[in-house]
There are 2 protein chains.
Amino acid sequence: MTTSAGRNTRQRSAVAALLTEVDGFHSAQDLHAMLRDRGTRIGLTTVYRTLQALAEADEIDVMRPPGGEHLYRRCSDGHHHHLVCRGCGRTVEVVGPTVETWADKVAAEHGFADVSHTLEIFGTCGECMRKA
Amino acid sequence: MTTSAGRNTRQRSAVAALLTEVDGFHSAQDLHAMLRDRGTRIGLTTVYRTLQALAEADEIDVMRPPGGEHLYRRCSDGHHHHLVCRGCGRTVEVVGPTVETWADKVAAEHGFADVSHTLEIFGTCGECMRKA
DNA sequence: TGCGTTTTTGACAATCATTCTCATTTTCGG
DNA sequence: CCGAAAATGAGAATGATTGTCAAAAACGCA
């Protein structure tokens, strides 16, 4: 059931390729601009659609920072979370088996199935603390 | 240091009072409509501003469901998280000492201070599973 | 209690990311 | 190579949130 595959187009490959190269989180508009800069002819709409599809297929990560655009990122396999610096935006990937099992357990206790969750940790990193 | 208090106005009380009465999460627009219905003269802008202030003061809870408006809710004291049904939107408040300590520990390990976090658990509740 | 200062309010415009539309182009199985 | 089905993209539409700024309300103080 490759529900999320669709057809193999130049644009789709371009987005996927770009995501493999760049590090960190980027907004859809950001990615679109980068693609344009490197000469790829692609519409903003398509970037959005592609990102949505990739996110749905769990191939990329979506983060919704308070008060902003959605940010996308190719992430390492498996489920994980992010530790984000409020000052400089630097992000660290963290895995939390503890949280996973806890969330599942709690949900099950309340009769919930098909469980997923989102977790973001915000803080100020050492460097930004020194500056402030 | 009552930074978040500001002046005591009719509108501000109205929003606070409404939040005490209603259950569950509501969008700003929702709350605005309810206030209008019960005869309170208040502008949408003010509702937004008041909710923002209350959220900043940790007196209410903000949830940002995927693909939607911000939802606000008067929540019980202390830090907690939400288990939300994808089908009917019903929410259950859950506390997670496990998660709290884990998040703090992880953040500390990476040299982050002043740590906060957001966690939402999504699932399908028993009732909605039967229907589907 | 009355007055001036400062905050707050609110109608409306502005913003801005995201989604929709739909005609054109591209893909891919046969 | 052909035609049906899917994808693209430019621009319009959407819709929540934020900005603007003059008018109104609240509070401190005499």
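Everything numeric in this text was worked out from a predicted model, so none of it was measured. Residue numbers begin at 1 in each chain, while the letters A, B, ... track the order of the sequences.
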Engineer: If I take atom CG in residue A:L54 and atom P in nucleotide D:dA7, what distance separates them, rounded to the nearest angstrom?
Structural biologist: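 Roughly 13 Å, once rounded to whole Å.
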
Engineer: Measure the acute angle between the ring planes of A:H82 and A:H80, then classify it against the limits of 30° and 60° as parallel, tilted or perpendicular.
Structural biologist: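 Perpendicular: the ring planes of A:H82 and A:H80 meet at over 60°.
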
Engineer: When the distance from CZ of B:R10 to P of C:dG10 is rounded to whole Å, what number comes out?
Structural biologist: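 Atom-to-atom, B:R10 to C:dG10, this comes out as 6 Å.
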
Engineer: Please report, rounded to the nearest Å, how far the P atom of C:dT18 is from the CD atom of A:E69.
Structural biologist: 6 Å

Engineer: What is the distance from NE2 of A:H26 to P of C:dA17, rounded to the nearest Å?
Structural biologist: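 Going from NE2 in A:H26 over to P in C:dA17 covers 16 Å.
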
Engineer: Over all heavy atoms of both residues, which pair between B:E120 and B:M63 is shortest? Give the atoms and the distance, please.
Structural biologist: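 In this case the closest contact between B:E120 and B:M63 is OE2-CG, 3.3 Å.
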
Engineer: Taking only distance into account, with no hydrogens and no angle test, what donor-acceptor pairs under 3.5 Å do side-chain atoms of residues 44-52 of chain B form with protein atoms, sequence neighbours excluded?
Structural biologist:
residue: B:Y48; atom: OH; partner: B:Q29; partner atom: NE2; Å: 3.1
residue: B:T50; atom: OG1; partner: B:T46; partner atom: O; Å: 2.7

Engineer: Are any of B:Q29's side-chain N or O atoms less than 4.0 Å away from OP1 or OP2 of D:dA16?
Structural biologist: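 Answer is yes, contact under 4.0 Å.
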
Engineer: Find the bend of the helix from C:dT1-D:dA30 to C:dG30-D:dC1 as the angle between its two terminal axes (five pairs each), to the nearest 10°.
Structural biologist: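 It works out to 40° between the end axes.
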
Engineer: Nearest-Å distance, CD (B:Q11) to C1' (D:dA24)?
Structural biologist: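 So the CD-C1' distance, B:Q11 to D:dA24, works out to 10 Å.
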
Engineer: Once you round it to whole Å, what is the distance between C1' of D:dG28 and CG of B:N8?
Structural biologist: 15 Å

Engineer: Sequence neighbours excluded, which residues qualify as ring-ring contact (aromatic ring centres under 6.0 Å, His included) partners of A:H117?
Structural biologist: A:H79, A:H81

Engineer: Looking only at non-hydrogen atoms, find the nearest pair between B:C125 and B:R90 and report the distance.
Structural biologist: SG-NH2, 3.5 Å

Engineer: Out of B:R74, B:R73, B:R38, which residue meets the salt bridge (charged side-chain N to carboxylate O under 4.0 Å, His left out) rule with B:E21?
Structural biologist: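 In the set B:R74, B:R73, B:R38, the residue that makes a salt bridge (charged side-chain N to carboxylate O under 4.0 Å, His left out) with B:E21 is B:R38.
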
Engineer: Nearest whole angstrom, please: distance from the P of C:dC12 to the NE2 of B:H32.
Structural biologist: 12 Å

Engineer: If you count the non-hydrogen atoms of other residues, nucleotides and ligands that lie under 6.0 Å from CG in A:D37, is the total more than 12?
Structural biologist: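 Above 12, so yes.
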
Engineer: Over all heavy atoms of both residues, which pair between B:M129 and B:T124 is shortest? Give the atoms and the distance, please.
Structural biologist: CG-CG2, 3.6 Å

Engineer: Taking the hydrophobic residues Ile, Leu, Val, Met, Phe, Trp and Tyr, and joining any pair whose side-chain heavy atoms are under 4.5 Å apart, which ones share a cluster with A:V99?
Structural biologist: A:L83, A:V92, A:V94, A:W102, A:V106, A:F112, A:V115, A:L119, A:I121, B:L83, B:V92, B:V94, B:V99, B:W102, B:V106, B:F112, B:V115, B:L119, B:I121

Engineer: Where along residues 41-52 of chain B does a heavy atom come under 4.0 Å from DNA chain C, residue by residue in number order?
Structural biologist: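 Within this stretch, B:R41, B:I42, B:G43, B:T45, B:T46, B:R49 sit under 4.0 Å of the strand.
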
Engineer: If every non-hydrogen atom of B:V62 is compared with every non-hydrogen atom of B:A55, which pair is closest and at what distance?
Structural biologist: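 Shortest heavy-atom contact: CG2-CB, 3.6 Å.
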
Engineer: Of the non-hydrogen atoms in B:S13 and B:T9, which two are nearest, and what is the gap between them?
Structural biologist: OG-O, 2.9 Å

Engineer: What protein N or O atoms touch nucleotides 3-5 of chain D N or O atoms at under 3.5 angstrom, if any, and at what distances?
Structural biologist:
residue: D:dA5; atom: N3; partner: A:R7; partner atom: NH1; Å: 3.2

Engineer: Between D:dA16 atom P and B:M63 atom CE, what is the distance in whole Å?
Structural biologist: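 My rounded result for the distance is 16 Å.
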
